[in-house]
Participant: 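Sending over a structure as structure tokens; questions will come in a sec.
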Amino acid sequence: MTVITHARRKSRLSKIIDEAGGVSIGTALAQAKVNLDALQPRSAAEVADRIAELAAITAPEHPEQTMATLGAAYRAANGVIDAAGPFGMDDLHAAAVGLCDLIDAATPERPFDWRVLPVYAQSMQLLLALSEDAEARQKVRESLQQMVSRKLTQAD
């Protein structure tokens with residue numbers, strides 16, 4: 001009987017897995033921060049674009065347009081959340097979450113108050129402009145939170 005044998009080659013992947021190495025947590029965090037810092041200007045531009053989109057939305061003229069218009073406002077606010085969240089823009093993030101909460105609370109029995117949308121758009125523009133003034137940003141954020149609380153309690 002004939003037996004054929006051959007030397008098994010070890011794959012490159014198995015060598016990498018078996019060997020010690022990798023990146024330390026500190027190095028990985030530092031690299032992640034550098035990567036995030038590089039994306040900061042793009043994120044700020046995205047936030048500004050979504051806020052401009054919110055500012056351009058007007059109340060629907062016909063009831064059948066309401067859902068589509070609310071959807072557009074929700075997507076724009078959600079875009080602010082997505083772009084602001086990872087970059088420490090907590091005030092803008094919280095404002096956009098509040099607007100999403102108000103949109104979510106709208107029902108046919110308790111329709112959305114369209115006067116809120118320009119207030120939010122202007123407040124977010126103000127928060128973007130007041131990037132260095134923590135006290136003023138806090139006041140804007142508190143005012144928006146009070147409005148959300150009032151509107152949501154009225155909806156109950």
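Side chains included, hydrogens not; waters and symmetry mates left out as well; all remaining heavy atoms used.
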Participant: Report yes or no: does T69 contribute a side-chain atom to a donor-acceptor pair with the main-chain N or O of P60 at less than 3.5 Å?
Facilitator: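 Side chain of T69 to backbone of P60: no pair is present.
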
Participant: State, with a plain yes or no, whether a side-chain heavy atom of Q145 is found less than 4.5 Å away from one of R150.
Facilitator: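 Not in contact.
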
Participant: With rounding to the nearest 0.5 angstrom, report the OG1 to CZ distance, T66 to F112.
Facilitator: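 Rounded to the nearest 0.5 Å, the OG1-CZ separation comes to 11.0 Å.
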
Participant: Quick one: does K33's side chain get under 4.5 Å of L36's, heavy atoms only?
Facilitator: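 In short, these two side chains do not touch, never coming nearer than 4.5 Å.
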
Participant: For residues V97 and H93, determine if any side-chain heavy atom of one lies less than 4.5 Å from a side-chain heavy atom of the other.
Facilitator: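 The answer is yes, as the side chains (C-beta and beyond) meet within the 4.5 Å cut-off.
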
Participant: List the steps and the verdict of side chain to side chain contact (heavy atoms under 4.5 Å, CB included) for R141 and Q146.
Facilitator: CA-CA 9 Å; R141 190 170 162 186; Q146 288 174 357; over 6 Å; no

Participant: Salt-bridged, D133 to R137, with N to O below 4.0 Å?
Facilitator: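 So D133 does not pair with R137 through a salt bridge.
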
Participant: I need the R75 CZ to L70 CG distance, nearest 0.5 Å.
Facilitator: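 The distance works out to 10.5 Å.
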
Participant: Let me confirm one number: the OG-CG distance from S123 to L130, rounded to the nearest 0.5 Å.
Facilitator: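 One gets 10.5 Å once the value is rounded to the nearest 0.5 Å.
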
Participant: Under the 3.5 angstrom rule, does the side chain of Q65 hit a backbone N or O of E61 as a donor-acceptor pair?
Facilitator: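 Checking the backbone N and O of E61 against the side chain of Q65, a donor-acceptor pair under 3.5 Å is found.
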
Participant: Taking all non-hydrogen atoms of both residues, which atom of V47 and which atom of A83 are closest, and how far apart?
Facilitator: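 Closest approach of V47 to A83, heavy atoms only: CG2-CB, 3.6 Å.
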
Participant: Could you go step by step and tell me if R42 and E46 meet the salt bridge (Lys or Arg N to Asp or Glu O under 4.0 Å) rule?
Facilitator: CA-CA 6 Å; R42 194 165 133 199; E46 181 69 20; over 6 Å; no

Participant: Please determine, by modelled atom types, if E142 and Q138 share a side-chain donor-acceptor pair under 3.5 angstrom.
Facilitator: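 Yes, side-chain donor-acceptor contact under 3.5 Å.
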
Participant: Locate the shortest heavy-atom distance separating A77 from C100; write the atom from each residue and the value.
Facilitator: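 For A77 and C100, the tightest heavy-atom pair comes out as CB-SG, 3.6 Å.
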
Participant: Using a strict threshold of under 4.0 Å (side-chain N to carboxylate O), is an ion pair present between K139 and E135?
Facilitator: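 Between K139 and E135 there is a salt bridge, with a charged N closer than 4.0 Å to a carboxylate O.
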
Participant: Out of curiosity, does F87 fall in the hydrophobic cluster containing I51 (side-chain heavy atoms, cut-off under 4.5 Å, transitive links)?
Facilitator: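 As far as the 4.5 Å side-chain criterion goes, F87 and I51 are connected within one cluster.
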
Participant: For the atom pair CZ (R50) and CE (M124), what is the distance rounded to the nearest 0.5 Å?
Facilitator: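 Reported value, rounded in 0.5 Å steps: 12.0 Å.
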
Participant: Do V148 and Y120 come close enough that some side-chain heavy atom pair is under 4.5 Å?
Facilitator: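 Of all side-chain heavy-atom pairs linking Y120 with V148, at least one is under 4.5 Å.
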
Participant: Determine the minimum heavy-atom distance between E53 and A72, stating which atoms define it.
Facilitator: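 Reported closest heavy-atom pair: OE2-O, 4.2 Å.
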
Participant: Between T153 and S149, is there a donor-acceptor pair closer than 3.5 Å when you use the side chain of the first and the backbone of the second?
Facilitator: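 Yes, the answer is positive, given that a donor and an acceptor are paired below the 3.5 Å cut-off.
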
Participant: How many angstroms lie between CD1 in I103 and CG in L117, if you round to the nearest 0.5 Å?
Facilitator: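 So the CD1 of I103 and the CG of L117 are separated by 6.5 Å.
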
Participant: Would a 4.5 Å heavy-atom cut-off, applied to side chains only, mark L92 and I81 as touching?
Facilitator: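 Side-chain contact under 4.5 Å: no.
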
Participant: Side chains of Y74 and L99: closer than 4.5 Å at any heavy-atom pair?
Facilitator: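 Side-chain contact under 4.5 Å: no.
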
